[in-house]
Amino acid sequence: MEQSMTAVEAARLIDWLKANGHTAEEATECIKYIASGIQQDK
């Protein structure tokens, strides 16, 4: 069973990540990972 994240949920996650010390870039990487399952190389 596959579930998807809504735009509102993604926006809330970004806000939470930024409020907890993550950069906008890290928040974007997190959303991309959730959506694709592929972790970005550092």
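As the structure is a computational prediction, the values presented were derived from the model and not from experiment.
One distance of note links NE2 of His22 with CG of Leu13; it measures 9.5 Å at 0.5 Å rounding.
When all heavy atoms are compared, the tightest approach of Ala27 to Leu17 is CA-CD1, 3.8 Å.
There is no path of hydrophobic side-chain contacts, each under 4.5 Å, that joins Tyr33 to Ile14.
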